[in-house]
Protein chains: 4
Amino acid sequence: MVEKRRKEILDAATEIFSRYGYYGAKMEDIAKKAGIGKGTIYSYFDSKEALFYEMIKHAIEEYEKGLDKALNIEGALEERLHVLCQFHGKYLSKYIDITQIIVMEREVFSKELVRELIKEKTRLFNRVKNAVKNAISKGELRDDLDPHLASIIIIGSIGKFYGEKICYGREKLNKIDPKGLIDTILRGLK
Amino acid sequence: MVEKRRKEILDAATEIFSRYGYYGAKMEDIAKKAGIGKGTIYSYFDSKEALFYEMIKHAIEEYEKGLDKALNIEGALEERLHVLCQFHGKYLSKYIDITQIIVMEREVFSKELVRELIKEKTRLFNRVKNAVKNAISKGELRDDLDPHLASIIIIGSIGKFYGEKICYGREKLNKIDPKGLIDTILRGLK
Amino acid sequence: MVEKRRKEILDAATEIFSRYGYYGAKMEDIAKKAGIGKGTIYSYFDSKEALFYEMIKHAIEEYEKGLDKALNIEGALEERLHVLCQFHGKYLSKYIDITQIIVMEREVFSKELVRELIKEKTRLFNRVKNAVKNAISKGELRDDLDPHLASIIIIGSIGKFYGEKICYGREKLNKIDPKGLIDTILRGLK
Amino acid sequence: MVEKRRKEILDAATEIFSRYGYYGAKMEDIAKKAGIGKGTIYSYFDSKEALFYEMIKHAIEEYEKGLDKALNIEGALEERLHVLCQFHGKYLSKYIDITQIIVMEREVFSKELVRELIKEKTRLFNRVKNAVKNAISKGELRDDLDPHLASIIIIGSIGKFYGEKICYGREKLNKIDPKGLIDTILRGLK
DNA sequence: GATGAATGAGCGTTCATTCAT
DNA sequence: AATGAATGAACGCTCATTCAT
């Protein structure tokens with residue numbers, strides 16, 4: 001099936017782009033990873049840039065789906081944060097925050113793409129922010145809390161926490177327990 | 001003076017690598033930026049990779065010096081964190097977390113380099129951690145705090161906070177006030 | 001019928017090769033033009049070069065048939081030349097002197113093919129030459145005329161005349177009247 | 001000197017493009033012919049297409065210069081035609097009517113380029129036509145002659161005459177005597 | 001020492017050809 | 001027999017690196 005082959009290429013591209021960056025990734029390696037010939041990629045994607053663009057879109061879509069699920073579950077605040085952490089960790093271990101490439105190599109990509117990705121990142125950020133607002137109104141978080149700052153702390157801390165463990169520590173995902181982190185964020189350092 | 005010329009090349013390299021990433025950066029552009037001929041770079045650095053490596057080392061050295069200064073000042077905890085934030089922001093606006101390139105394009109560089117950089121990052125992390133421990137023992141932070149987690153939250157939040165403002169918002173550095181962020185981290189979300 | 005399919009491919013090839021040249025023509029376009037699948041061509045022809053070769057042969061055969069008809073009609077010299085002109089124009093508008101490709105890209109094709117094509121062109125030339133000789137012996141052309149030079153002038157002039165009108169002027173074939181040309185060739189410039 | 005190198009590349013390009021056509025010509029071969037590295041060409045010309053374009057322009061300029069000289073000499077009509085023939089032959093043996101490639105592969109090149117080349121060809125044609133008009137007004141050619149048709153016959157015949165001898169016969173240029181041809185054109189076939 | 005013209009390995013992309021269906 | 005998805009050799013072009021000046 002055609003859709004399956006497309007997906008295989010996207011998965012291979014995700015891995016290779018993540019590992020080597022846009023320029024470091026070679027079409028030949030992506031093809032090899034996908035177990036196909038170099039030319040075949042071009043039946044499914046117009047160019048390297050197009051493939052990269054589609055991969056980003058695909059990654060964002062997956063993130064959105066997962067984030068929605070993570071934010072919409074029932075349960076206590078701690079529990080919900082726990083799910084969010086686990087989702088983010090799982091996602092990170094696949095994409096290693098691939099959108100970062102764009103920011104790093106930003107001059108390379110069309111202004112269009114960069115703008116769109118920033119918009120997307122903002123949208124995702126706002127979902128977390130809304131969840132924070134929600135928790136404030138439900139009395140789960142203190143009512144003088146700035147939702148924007150709180151979101152930055154949540155996202156920044158989780159990212160650092162998992163980034164470190166996955167990138168440097170190479171720890172297995174299911175061995176990572178974010179309970180302490182969540183607790184510390186909620187209670188504060190003081 | 002030879003050292004001065006070396007420094008000029010490193011500064012040019014920092015800017016170009018930051019903007020375009022490792023592969024996107026061209027030796028010619030770095031030379032032009034430094035106001036010298038392309039071939040001259042090779043009198044000071046063996047190769048593009050070596051130049052990149054030296055640039056990273058140089059960036060880290062600057063960071064270390066600045067971090068030391070920021071962590072060793074006298075004053076209240078909030079004040080010291082404020083200085084840390086400002087330093088990090090200033091640093092970020094110059095290097096846009098350039099070490100990230102290495103993590104993104106990790107397979108490209110020698111294991112040696114990657115290992116050394118991780119070690120370096122760990123060392124920097126530990127300085128913050130020690131400062132946290134110190135603050136705990138002085139009673140400025142609660143004594144059941146996990147210094148590691150606290151450091152992650154501090155570094156992760158500050159990075160996210162400034163990263164967002166500088167990368168996306170393009171805000172002027174001296175207009176950014178981290179007071180709210182520090183307060184929220186310290187008091188917790190709850 | 002197999003022969004019909006073969007003919008369809010040849011016709012499609014003629015059009016595409018004429019328009020784009022040997023290298024510019026793509027097998028896929030030829031197949032599309034012929035209304036068949038790409039692979040099918042290879043059931044009828046061994047390779048692109050073979051297809052090109054066969055197409056040339058086919059074009060030459062058509063030319064020979066037409067030339068015979070044009071040269072063998074009864075009537076006054078002027079009339080016969082008129083028919084020759086019209087035939088050449090009609091042929092040109094289909095093949096745009098496709099054999100020229102061979103001469104242009106001569107090193108590309110096997111010496112065999114080039115030699116054979118030159119031989120073929122010579123044979124066609126000789127038919128015109130014989131017709132000239134015939135006209136001389138019948139007293140229709142002056143008897144001190146060099147048949148070879150006369151043939152060159154006839155073929156060269158007619159080719160230029162129609163080539164210009166068809167290639168650049170894009171004139172309709174039936175609007176082109178070679179009467180003046182024939183008259184000038186016969187009477188001379190002086 | 002830079003101009004010399006540029007000229008060497010143009011000469012190599014002329015030969016390779018003439019021999020293999022636009023698509024058949026490989027940049028590497030042109031470089032090898034010019035005795036330089038592949039990349040060097042790109043210091044002088046932006047792309048293969050640009051090189052081709054420049055080569056055509058260069059060929060036309062040479063043709064124009066030569067044609068002016070040939071048409072402007074003093075002497076009897078026959079003599080002037082003789083010089084024109086020799087010039088055309090010399091030119092042909094270098095360029096083998098390279099502009100023909102454009103016509104053959106016309107869909108490939110920008111409409112701009114094709115239009116410009118046709119305009120150029122028209123201008124060259126008109127110079128011959130003006131020379132014919134001049135000869136008519138001087139009484140060297142009969143006064144009921146159509147200058148356009150006469151030009152076609154002259155150019156077409158000369159092209160065929162030399163084309164045949166050079167392309168097929170591979171005759172040495174200085175062994176070719178156009179006297180008979182000129183005489184036949186002037187006196188007519190009848 | 002400093003330069004930048006020259007080089008050629010390497011990559012993105014195309015397309016003639018093959019072969020499983 | 002007919003197809004068109006898949007292949008990979010080949011080519012245009014880039015850019016890190018060299019070296020004659």
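Not measured: the values here are computed from a predicted model. Protein chains get the first letters and strands the later ones, always in sequence-line order, with residue 1 at the start of each.
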Salt bridge or not for B:Asp11 and B:Lys7, using N-O below 4.0 Å? yes
Could you tell me how far apart A:Met27 (CE) and F:dT7 (P) are, to the nearest whole angstrom? 14 Å
How close or far is atom C1' of E:dC11 from atom CZ of A:Phe52, stated in whole angstroms? 17 Å
Closest listed nucleotide, where the reference is the side chain of D:Lys48 and the choices are F:dG12, E:dT3, E:dT13: F:dG12
To the nearest Å, give me how far apart CD (D:Glu28) and P (E:dT7) are. 12 Å
What integer distance in Å separates C:Ile30:CD1 from E:dA16:P? 8 Å
Would you classify C:Ala25 as touching base, sugar-phosphate or nothing, given that sugar-phosphate means primed atoms plus P, OP1 and OP2, and contacts are heavy atoms under 4.0 Å? sugar-phosphate
So what does A:Lys26 touch, heavy atoms closer than 4.0 Å: a base, only the sugar-phosphate, or nothing? sugar-phosphate
Counting side-chain heavy atoms from CB outward, which of E:dG4, E:dT17, F:dC13 is closest to C:Lys38? E:dT17
Can you list the steps and then say if D:Lys26 with D:Tyr20 is a side chain to side chain contact (heavy atoms under 4.5 Å, CB included)? CA-CA 9 Å; D:Lys26 290 171 231 160; D:Tyr20 299 103; over 6 Å; no
Check A:Glu62 with A:Lys65, please: is the shortest side-chain N to carboxylate O separation under 4.0 Å? no
Pairing nucleotide - F:dT21, Watson-Crick or G-U, each distance under 3.5 Å: E:dA2
Expressed as a whole number of angstroms, how long is the span from A:Leu51:CG to E:dG12:C1'? 12 Å
Considering heavy-atom distances to DNA chain E, does D:Gly39 or B:Gly37 have its closest nucleotide positioned more toward the 5' end? B:Gly37
Atom-pair distance (CD1 on D:Ile16; P on F:dG12), nearest Å: 12 Å
Contact under 4.0 Å: D:Arg5 side-chain N or O vs E:dA6 OP1/OP2: yes
Stacked cation flag C:Lys48 on C:Phe17, 6.0 angstrom / 45 deg: no
Enumerate the residues from residues 40-47 of chain D whose closest heavy atom to DNA chain F is under 4.0 Å, giving them by residue number; use none for an empty result. D:Tyr42, D:Ser47
Across every strand shown, the nucleotide meeting Watson-Crick or G-U wobble geometry with F:dG12 (both distances under 3.5 Å) is E:dC11
For the side chain of C:Tyr22 and the backbone of D:Tyr23, is there at least one donor-acceptor N/O pair under 3.5 Å apart? no
Between P on E:dC15 and OH on C:Tyr20, what's the gap in Å once rounded to a whole number? 12 Å
Distance check, rounded to the nearest 0.5 Å: B:Ile9 atom CD1 versus B:Leu51 atom CG? 7.5 Å
For C:Glu49 and E:dT17, give me the distance from atom CD to atom C1', rounded to whole Å. 14 Å
Identify whether the distance between the nearest side-chain nitrogen and carboxylate oxygen of A:Lys4 and A:Glu8 falls below 4.0 Å. yes
